[in-house]
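Numbers here are sequence positions counted from 1.
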Amino acid sequence: MNESKNFLRTIVEEDLKSGKYKEIVTRFPPEPNGFPHIGHAKSIFINFGIAKDYNGHCNLRMDDTNPTKEDTKYVEALKDAVEWLGYEWDKSVRFTSDYFPQIHDYAIQLIKMGKAYVDSLSEEEIREYRGTVTEAGKRSKYAQRSVEENLDLFERMKKGEFKEGEHILRAKIDMSAANMKMRDPLMYRIRHVEHFRTGDEWAVYPMYDFAHCLSDYIEGVTHSICTLEFENNRDIYNWVLDTLELTPPRPYQHEFARLGINYTVMSKRKLLELVEGGQVSGWDDPRLPTIAGYRRKGYTPESIITFCDSVGIAKANSMVDVAQLEFCIRDDLNTKVPRVMCVLDPIKVTIENYEGSESIDASYYPEDVPKEGIRALPFSREIYIERDDFNENPPKGYFRLTPEQPVRLKHAYIISCKEVIKDTNGKTVEIIAEYSPASKSGSDTSGIKVKSAIQWVSAAEAKEVEVRLYDRLFSVEAPQGVEDINPDSLKIIKNALIEPAVISERPDERFQFERQGYFYADPVDYTTQKPVFNKIVGLKDSYSKKKKATPVKTQEKKVQIDGEVVAMSEKQQVLFDKYTSELKLNSEVANTLARDENLSSFYEQTLVELNSPVNLANIVTNEVAREIKETSVDTLKFTAKQIAELVKMIDDKTISNKIAKQVFEEMAKSGENPEKIVEAKGLVQISDPAKISPIIDEIIAKNPDNVAKFKAGNKKLLGFFVGQVLKATGGKANPQVVNKLVAEKLK
Ligand code: ATP
Ligand code: MG
């Protein structure tokens with residue numbers, strides 16, 4: 001990992017090569033005024049990552065120059081975060097406050113050099129005197145003070161003789177500098193507050209611009225990496241170090257773009273508001289973008305690091321789609337965690353013809369996860385399934401249990417619905433089912449076809465658990481404040497039912513609940529008596545469909561099939577990539593092909609015959625696939641070559657897509673060549689306008705009402721006329737030609 005090259009690494013490499021530095025020293029310098037967030041993770045990843053990869057070291061430094069907001073609890077949170085992400089800081093944690101005496105000495109030195117002065121203007125005057133971007137500033141009359149007077153005043157400031165704001169120490173640089181930051185920047189201010197480490201030892205505190213560069217220098221930092229908003233501060237950084245004529249090596253500042261993520265706020269100030277306002281349960285609320293929040297939710301450090309790496313390091317700020325982070329955790333857990341069954345919204349199923357009970361050995365891991373482990377699944381007459389997995393009035397494409405459609409109980413038997421029991425309100429309370437004894441998973445001889453397998457738990461042995469389902473904290477992409485909070489960001493299910501091994505064996509902390517998503521045993525509230533699981537992430541991105549595709553570096557490769565999400569093997573992924581990128585198939589078609597060896601090999605054979613990947617894929621994934629499912633590859637009546645011939649006729653417009661299906665049905669039955677079928681049945685597409693025109697005229701004559709409505713503005717009726725013409729020609733008329741002619745005639 002970490003080896004992706006970026007401009008910062010290029011700089012580091014050049015500096016090592018030129019001998020500018022012998023060792024690379026970086027630092028992560030947070031202000032301990034809040035919990036670190038995912039943006040800090042990026043900074044940690046960059047600073048610690050670079051130090052590690054170039055055999056240098058990275059310091060963890062608390063930038064504690066603002067005593068009003070800082071606290072040791074934040075210091076602990078920062079240490080935790082760095083450690084959890086897998087990094088080690090050099091020696092002990094450092095504090096800018098440890099350097100207060102040295103920084104103070106440097107200030108004295110600048111005063112003596114005539115490069116700093118005590119100003120006594122009010123805050124407002126200072127602002128006024130600074131000028132504007134287009135107007136030079138005006139220097140304060142106090143800049144005339146002698147070195148002695150400045151030394152005396154500064155000493156008395158330090159001792160606490162003055163009120164806050166009465167005096168301030170400024171660098172004497174240039175009041176007309178184009179960079180406004182260089183207009184005599186503030187170096188020290190008076191603060192009568194307890195510092196959490198130095199107590200009331202100091203009444204003056206250095207400003208960031210003065211303390212940061214000097215702390216870097218004191219620590220021997222070589223590359224001071226910070227975010228873009230400090231770009232204009234770089235001139236001060238250099239001015240301080242240059243003016244003091246410090247002995248080399250000295251650090252240089254380099255800026256990179258901040259990480260921003262949609263659907264959340266990121267700054268510590270805004271996060272603090274949410275914590276203090278009670279919108280969340282604390283800094284580690286799983287809905288917050290804090291490292292503690294992700295950790296509590298169940299994210300792994302690896303997934304966060306992969307994410308930081310995948311977003312890259314740029315010089316321009318940008319917003320990263322949170323889906324990219326979700327992809328990283330899903331991808332990480334996919335290869336690691338046990339698969340278990342949990343029913344979130346249970347409905348009872350009584351299997352009438354089942355007697356007694358049994359124990360089914362089921363692997364915790366799917367075949368493509370290189371891990372082993374088996375648990376016993378108790379099975380009995382009374383089970384629970386997900387309420388959602390049964391539907392009395394199923395929509396089209398519903399693959400689970402219905403009164404007519406059997407379903408497989410994952411790892412167990414196929415059941416079918418016999419009776420639905422309802423309460424007085426018409427709500428289904430129980431399903432009476434029957435199982436097929438010959439259908440046991442792994443030794444199924446029942447011959448029953450099902451379209452999906454669903455999760456279930458045995459009623460007697462299942463354990464009750466609390467499940468916390470987290471959604472995005474904000475409902476808009478760029479939230480402004482509490483008004484944008486998603487009211488449904490947390491849903492607590494008090495009595496979900498889980499298979500017993502999860503609790504008794506506790507094979508892991510993180511699980512995939514089959515078909516539900518990834519879950520984590522809450523590190524704080526979980527007890528064996530009252531287990532609590534947090535939802536880490538769903539099995540697929542449920543948001544991206546609604547939005548335009550976002551530039552995500554790595555492509556999601558897990559797709560849902562028959563209600564189940566399974567990862568692709570390496571071989572399948574290679575095919576999938578080839579189909580989508582080379583052959584330009586849409587991902588659904590590519591997915592269907594890649595996952596089915598029979599289909600993909602058939603498809604490859606058709607490609608040898610004809611270079612028409614998209615149309616071939618269409619016929620193969622629809623028609624050929626259905627035929628294979630109904631019979632088998634070995635008994636197909638048609639060959640790949642014949643399918644290619646069929647598609648060629650579509651390509652040359654000899655037949656329409658619709659007719660092609662008709663021809664295919666005939667091929668599947670008789671094995672006849674498609675040209676023969678088309679010829680024999682007179683199915684050749686009619687594209688000649690002279691032949692189509694009279695048919696259209698006839699239809700127009702027969703439907704005066706609709707013609708009038710069309711002319712009055714009901715343009716939808718165009719479809720009616722086209723449909724009538726196609727019907728009249730038995731589907732042989734070329735739809736494009738018909739469309740054009742109808743439109744012309746009705747004008
Ligand atoms: P916030 O605005 O969230 O309070 P900050 O910049 O004040 O953040 P610091 O504690 O001063 O936070 O930052 C420590 C380091 O982390 C700095 O070097 C800063 O540049 C970096 N950092 C802070 N936020 C981000 C971010 N969103 N992306 C990348 N780096 C960040
Ligand atoms: Mg800050």
Side-chain angles (χ1 to χ4, degrees), residues 338-366 373-392 400-403 405-423 427-446 448 450-467 493-507 511-516 519 528-531 533 563-564:
R339 272 54 167 180
V340 298
M341 295 197 282
C342 181
V343 175
L344 300 183
D345 184 9
I347 182 165
K348 189 171 167 186
V349 176
T350 302
I351 306 167
E352 248 182 0
N353 60 339
Y354 188 90
E355 296 297 338
S357 66
E358 69 186 285
S359 170
I360 300 171
D361 281 345
S363 172
Y364 273 128
Y365 304 98
I374 279 181
R375 86 283 197 182
L377 274 174
F379 185 81
S380 60
R381 185 182 164 88
E382 286 183 359
I383 62 167
Y384 284 97
I385 66 169
E386 205 68 62
R387 185 168 284 279
D388 250 17
D389 286 340
F390 172 72
N391 198 325
E392 267 195 288
R400 297 159 280 166
L401 187 65
T402 75
Q405 183 170 265
V407 77
R408 171 170 298 284
L409 299 173
K410 180 105 194 170
H411 299 299
Y413 300 93
I414 293 173
I415 56 166
S416 43
C417 169
K418 288 288 145 238
E419 194 187 335
V420 182
I421 298 176
K422 295 184 179 176
D423 65 11
K427 188 180 172 191
T428 302
V429 288
E430 189 182 344
I431 297 164
I432 307 295
E434 224 170 51
Y435 87 116
S436 158
S439 67
K440 192 165 176 183
S441 197
S443 56
D444 182 1
T445 55
S446 71
I448 304 171
V450 290
K451 292 189 174 134
S452 73
I454 59 170
Q455 70 271 28
W456 56 276
V457 291
S458 173
E461 293 85 358
K463 297 273 184 267
E464 214 169 84
V465 294
E466 176 174 320
V467 175
I493 297 176
K494 289 280 185 194
N495 31 30
L497 294 172
I498 204 161
E499 56 168 286
V502 177
I503 312 300
S504 56
E505 289 180 9
R506 193 97 188 253
F511 300 88
Q512 182 188 109
F513 290 179
E514 300 264 12
R515 301 176 60 234
Q516 312 270 21
F519 290 79
T528 311
Q529 285 68 45
K530 187 181 169 273
F533 291 94
E564 284 197 83

Evaluate the ring planes of Y413 and F379, with Trp represented by its six-membered ring, and classify them as parallel (under 30°), tilted (30 to 60°) or perpendicular (over 60°).
tilted
Just jot down the salt bridge (Lys or Arg N to Asp or Glu O under 4.0 Å) partners of K427, sequence neighbours excluded, or say none.
none
Salt bridge (Lys or Arg N to Asp or Glu O under 4.0 Å) involving D444 - partner list, sequence neighbours excluded
R408
Separation of [Y] [atom2] from [X] [atom1] (nearest 0.5 Å):
X	Y	atom1	atom2	answer
I431	K348	CD1	NZ	12.0 Å
I347	T428	CD1	OG1	5.0 Å
S416	Q405	OG	CD	11.0 Å
L409	S439	CG	OG	8.5 Å
F511	R506	CZ	CZ	7.0 Å
R515	R339	CZ	CZ	14.5 Å

Check: [Y] and [X] side chains under 4.5 Å, non-hydrogen atoms:
X	Y	answer
V340	F513	yes
R375	V502	no
V457	I383	no
V420	F390	yes
S458	L377	no
F519	V467	yes
I415	W456	no
E392	P403	yes

Please determine whether a side-chain nitrogen of the Lys or Arg among E499 and K410 lies less than 4.0 Å from a carboxylate oxygen of the Asp or Glu.
no
For [X] against [Y], the heavy-atom pair lying closest together:
X	Y	answer
Y364	A501	OH-CB, 3.6 Å
I385	L401	CD1-CD2, 4.3 Å
V407	S452	CG2-O, 3.3 Å
D389	Q455	OD2-OE1, 3.7 Å
R387	P346	NH2-O, 4.2 Å

Measure from the side-chain N and O atoms of [X] to the backbone N and O of [Y], and report whether any donor-acceptor pair falls under 3.5 Å.
X	Y	value
E382	T350	no
E386	L344	yes
R381	E352	yes

Evaluate I498 against I503 for side-chain contact (heavy atoms from CB on, under 4.5 Å), listing each step before the verdict.
CA-CA 8 Å; I498 204 161; I503 312 300; 3.9 Å; yes
